[in-house]
Every structure is written in structure tokens, then in C-alpha cells.
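No hydrogens, no waters, no symmetry mates; every other heavy atom, side chains included, goes into these values. Atoms within each ligand, like the ligands themselves, are counted from 1 in listed order. Computed from a prediction, not measured in an experiment: that's the story for all the values here.
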Amino acid sequence: MHVLVAEDDGSVAAALVSALTRAGHACTRVARGSDVLLRHRDAQVVLLDLGLEDMDGLDVLRQLREVSSLPVIVVTARGDERSTVRALSLGADDYLVKPVRLHELLARLLAVTRRYSPPDEPLRVRVGSVEIDIDAHRVHAADREVALTPNEFGILYALARRAGQAVSRRQILDEVWGDAYVASSRSFDVHLGQVRQKLPEVTITTIRGLGYRLEDAA
Ligand code: CA
């Protein structure tokens, strides 16, 4: 499986990557928390150190959990109960104190990923008269085809596959731009405005302080 190793200590990271690679896993190693938030979508599990170059691992975990339920194993020198409880309550799936025993790490890795199945991505989404074909990247509304740019299409898909539910702005930014925190929010507003204009068949309601909800306008 693909493991994202977030560890700022070069020798610890090298030991982890080498053990994981020997066990048949592919690794991406990052030293910064912001890179975890940028690159988590390619990974099936994250090994998260708490003392990273740019931010505290617990903050990384909190921000990651706003957009993803990807399995996370905290691997840290902080062995105190308070840090463990905080990490688990923020959504860590497991917690290992350094120095880690490599066979135990590999076993825990398999255990947390076994429990996790990624959310289904439907191939076709229909809301009222609007139909979105994901593979073909086409949108039909009533009997016309609607031309959308890739970003507009991404926003529509992110909202339409959860029609009737509130979707946070960060969730959409993460899914469309691959980055929930850095992407320009002004450009997001422009794209969203275009989707609203091109598709009057759906209503996209802004939920203040949270995000958006898409519904059939009829
Ligand atoms: Ca560290």
C-alpha cells in the first residue's frame, strides 16, 4: 500500500521508509505538516510524527480530519497520556511511541487499513434533471449539454454527489484543488458563481460558516 511518512528527522524517516519498502509498501516521505495536507489523497495510510518542521502534528491531524477519514497512525517521542488521548480524540487510528518496533508498526499498519474502506465514488450522479457523467466528464441538464471547466465540474460533482447535505468549503477545495488550506478562495468563489449561473436547474445554498448545499431547484 502507499504510506505517507510525515517525519522531520532524516534518519528516523530513512529507517521507516526502508523498513516499509522492504515489507512491500510504497512510501512518500514529507517533513512538513502542510505537505501532509497537500499529499494525503494519494496515500492509503499516514504515519504522523507530532513534532514536524512547520506545525504540530496534532494540528495537522485536526485539519486532515476536516477533509478525510484516511487512517492515521501517530508515531512520536511523546509518550505521555495526555498527548495520546488528544491524538486519539482528534481522530488518530493508532498511536505508537518511538522508538517503534518495526514488526509491530507493520502489523498495526495492516490493522488500521483493514478497518478502513474508502468512500465509494459514483460514476454517474443525478439531481433532478441534471445528470453528471464522471468518466465522460459531461453534464446534461434537461435536454441540453452544459459546458463546464474542470474546476467547475469538480465543484459541481463534489456538491451533487452529496445532494441535500452540507459540504464544507474545505472539503470541496481539497477534492477539486487537492489542497484544503492554500487554494485561493477568491478563485473558488468565481468558479462557484459560474456553476450557479450555468445550472439554474439546481440551487446551491450558502450555509454561513460551514459551506454549501446543492438541491434540485424544481
Ligand atoms: Ca519530529
**Student:** Mind checking salt bridge (Lys or Arg N to Asp or Glu O under 4.0 Å) for Arg78 and listing every partner two or more places apart, or none if nothing turns up?
**Tutor:** Asp56
**Student:** Can you check the number of protein N/O/S atoms within less than 3.0 Å of the Ca ion (ligand 1)?
**Tutor:** 3
**Student:** Does Arg29 come within less than 4.0 Å of Glu7, counting only side-chain N to carboxylate O?
**Tutor:** no
**Student:** Between Arg65 and Asp93, is there a side-chain N and carboxylate O pair less than 4.0 Å apart?
**Tutor:** yes
**Student:** Taking 4.0 angstrom as the limit, do Asp189 and Arg169 come out as a salt bridge?
**Tutor:**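 Yes, Asp189 and Arg169 are salt-bridged.
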**Student:** Assess whether a salt bridge exists between Arg62 and Glu66, defined as any Lys/Arg side-chain N lying under 4.0 Å from an Asp/Glu carboxylate O.
**Tutor:** no
**Student:** I'd like to know if Leu4 and Leu37 are part of one continuous hydrophobic network [Ile/Leu/Val/Met/Phe/Trp/Tyr, side-chain heavy atoms within less than 4.5 Å].
**Tutor:** yes
